[in-house]
Each structure stands twice: as structure tokens, then as C-alpha cells.
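Residue numbers begin at 1 in each chain, while the letters A, B, ... track the order of the sequences. Worth knowing before you read on, the calculation uses all heavy atoms, side chains too, and leaves out hydrogens, waters and symmetry mates.
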There are 2 protein chains.
Amino acid sequence: MSLTAKELLTKKGVKMTSQRLVITEYLMQTLEHPTADEILAGVAEMLPVPLSRATVYNTLNTLVDAGVIREVLTEPGRTRYDANTFEHHHFVDVKSGKIIDIPQEMLPDIEKALGDKFKVHSYTVTFYGDLEDDKK
Amino acid sequence: MSLTAKELLTKKGVKMTSQRLVITEYLMQTLEHPTADEILAGVAEMLPVPLSRATVYNTLNTLVDAGVIREVLTEPGRTRYDANTFEHHHFVDVKSGKIIDIPQEMLPDIEKALGDKFKVHSYTVTFYGDLEDDKK
DNA sequence: TCTGTATTTAGACTAAATCTAGAATGAGTA
DNA sequence: TACTCATTCTAGATTTAGTCTAAATACAGA
Ligand SMILES: [Mn+2]
Ligand SMILES: [Mn+2]
Ligand SMILES: [Zn+2]
Ligand SMILES: [Zn+2]
């Protein structure tokens, strides 16, 4: 049983606003990894008031800082956002650009591989390749 | 015995120009992972002619496409460049921002972990954490 | 040398992200 | 309820990374 957006914001100590709520809900209901502009286009109509670009970026940064969502860097120049906060990694299908979540359990544990000299807080693995047809 | 920049460009089939040569040499002699602007600042004085921003970006894209250098994405919004073409990964010291190369041999092999459904062409691992003092 | 193609240049342009200053919101309190 | 004050949101300006354009230059091959 997973948390609702509302419960998640409460749990993470983020003050609720309708803008934060719809953006969080939008990210929670998609498996895509949308950009700020895609999020703006996707949620603007859910609100009774105009939604500005600055608010989208402010909100995304607030949510990232609070640990509600994550930034995903797979290509130069465009930050993508992800409401999947389980430890996971990404596979980029180079033909379609589709980004697929790879649960951490699918990979061997590399958390400790670097030894004592590096205190690893987090790590991300990004795979690039072809997604075979039957998986699409 | 490693290749010179000149030999590398020849081997990779990139037509030689003085701009390509100094940019390649600049990247080969540093362990940093500089941005385009840092590269522009670092090489401009090596050339007898003015160097334009467009040439830096054109050259970097040409070198990436030819496999002479790699793009490194560790933070939103800024592409970094790397002349280390051995298979390797990166550790970002979150305090200093320093980016350190991690040879692939330091990690367990995750090339095959995804199974048949994903044909992995390449992958990158980025670690974020603290570099312990005695390693600095 | 001549000629065509690739490269470089300066500066305009585009797009991602941030900043600013004022307006709106809204929780806490009288 | 009405007031206060901090926070958030807004529109638009600004900054910055990166691309594009058109003209000048370099340079390889005939
Ligand atoms: Mn950010
Ligand atoms: Mn590129
Ligand atoms: Zn994801
Ligand atoms: Zn590197």
C-alpha cells in the first residue's frame, strides 16, 4: 500500500500547496521521466490559476531537496524528474529515448566496491542500449 | 606508451586542425573534467588566432562523435568533457566538486546483469560522496 | 595555381534555469 | 472575524549553455 501524494508531502515535511500537490501527483502517476517543460504542460490544466515556469522550477527544486523526487541526468542539457524514490537505476533505449527503471536488486552490489577512501552517499547507474522488441 | 594527441586524431580519422589539436591536448593533460567554457579559457592563449565559442562546441562534438573524448554528466545543466577513453566511472566529492576517475576494474561486472531484454551498449556509474582526507 | 569543400569566426539566436519585485495566500493569533 | 507576517506564487527579466547563420579562411586535390 503506497502513500498518496498528500501523505508523502506531509511525511517529508513539505508545506502543502495545490501547485506542489499536482506536480507531485503528476510525477507519481507516470513511468516516464519528464522534463520541467513537460511537467508544466501536463499539470497546468489541473489548476484553476495560471502556473508559471518559475513555480514549476521552484517546486521541483523544493521536492528534490525534501527527497520527494529525484533528478535524472541521462542526456546533456535537460534535467528529468522521477517520483520513484526506491533505490533504482535507468536504462535508456537509444532508439526511442524511453527511460526504464532498473531496480537496484537487478544489479550486483557496488555500494562497497570503492573501499575506505571513498565514502559513497549515493550512486546512479545509467545504461544505454537497445530494448529488445518483446519488452516494448 | 600512450598516443600523442596528434596520433590519436589520426587514428580516429579526425582531420587535423590547430584548434582540434590544442583542445585534445588540453583534455589529455588534465585529470579534471572541464566544461566547454573552461576549455575555451584554457586553450585560447595557445592559438595565434581568436578562438570562438562555436568552434569549441563544434570541436567537442566532433571529438565526441569520433570517440576521441567523452561527455560526463554529473550535475544538471553543465556538460563536462573527458579524454580518458578507457572504460571508467566517476566519483564526485560533494564538498569540493572534484571528479575522480574510477577504473572499471574496481567495480563488479554489471555489463550482463540486465539479461536478454536489454542490449547494453554502454553504461556509466556516478558515485556521490565524501573523499576521505588522506586520499586528497 | 585554381577550385571546391571543410573549418572557423563573430555574433545572433534558442532554450534551460534562475532571479526579482510585487501580489496572493494562508497559518497563527488577538 | 480581522490582522499580521512569513511563505509562496506570479510574470517577466536575466543569465548561461549551447546552437545556428553567413561570411571569411584554410587547405587538399586537380
Ligand atoms: Mn537543481
Ligand atoms: Mn552533444
Ligand atoms: Zn526512474
Ligand atoms: Zn573520467
Quick one: which of [options] gets closest to the side chain of [X]?
X	options	result
B/L51	D/dA17, C/dA17, C/dT9	C/dT9
A/A54	D/dG18, C/dA16, D/dT10	D/dT10
A/R20	D/dA17, C/dT8, D/dT8	D/dT8
A/P50	C/dT9, D/dG18, D/dA11	D/dA11

*Side-chain heavy atoms under 4.5 angstrom apart, residues restricted to Ile, Leu, Val, Met, Phe, Trp, Tyr: same cluster for A/Y123 and A/L73?*
no
Look at the side-chain heavy atoms of Ile, Leu, Val, Met, Phe, Trp and Tyr, link any pair under 4.5 Å apart, and say whether A/V64 and A/I39 land in one connected group. yes
Send over the distance from [X] [atom1] to [N] [atom2], rounded to a whole Å.
X	N	atom1	atom2	result
B/E75	C/dA17	CD	P	13 Å
A/Q19	D/dA11	CD	C1'	14 Å
B/R78	D/dG18	CZ	P	9 Å
A/N61	C/dA17	CG	P	9 Å

Heavy-atom closest contact (B/H88 atom, B/N84 atom, distance) =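 So the two residues come closest at CE1-O, 3.0 Å.
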Exercise. If you look at every heavy atom in B/T124 and B/R70, which pair is closest and at what distance?
Worked result: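 Looks like CG2-NH2, 4.1 Å.
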field: Residue mapping more 5' on DNA chain C - nearest nucleotide basis, A/T79 or B/T17
entry: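 It is B/T17 whose nearest nucleotide is closer to the 5' end.
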Residue pair A/V49/B/K15 against DNA chain D: nearer the 5' end by closest nucleotide is A/V49
Considering every strand and a 4.0 Å limit on heavy-atom distances, what is the contact class for B/T55: base, sugar-phosphate, or nothing?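 The answer is base, as B/T55 lies within the cut-off (heavy atoms under 4.0 Å) of a base atom.
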Original post:
How is B/T35 classified with respect to the nucleic acid when contacts are heavy atoms under 4.0 Å: base, sugar-phosphate, or nothing?
Top reply: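 Nothing: the residue B/T35, judged by heavy atoms under 4.0 Å, touches no strand.
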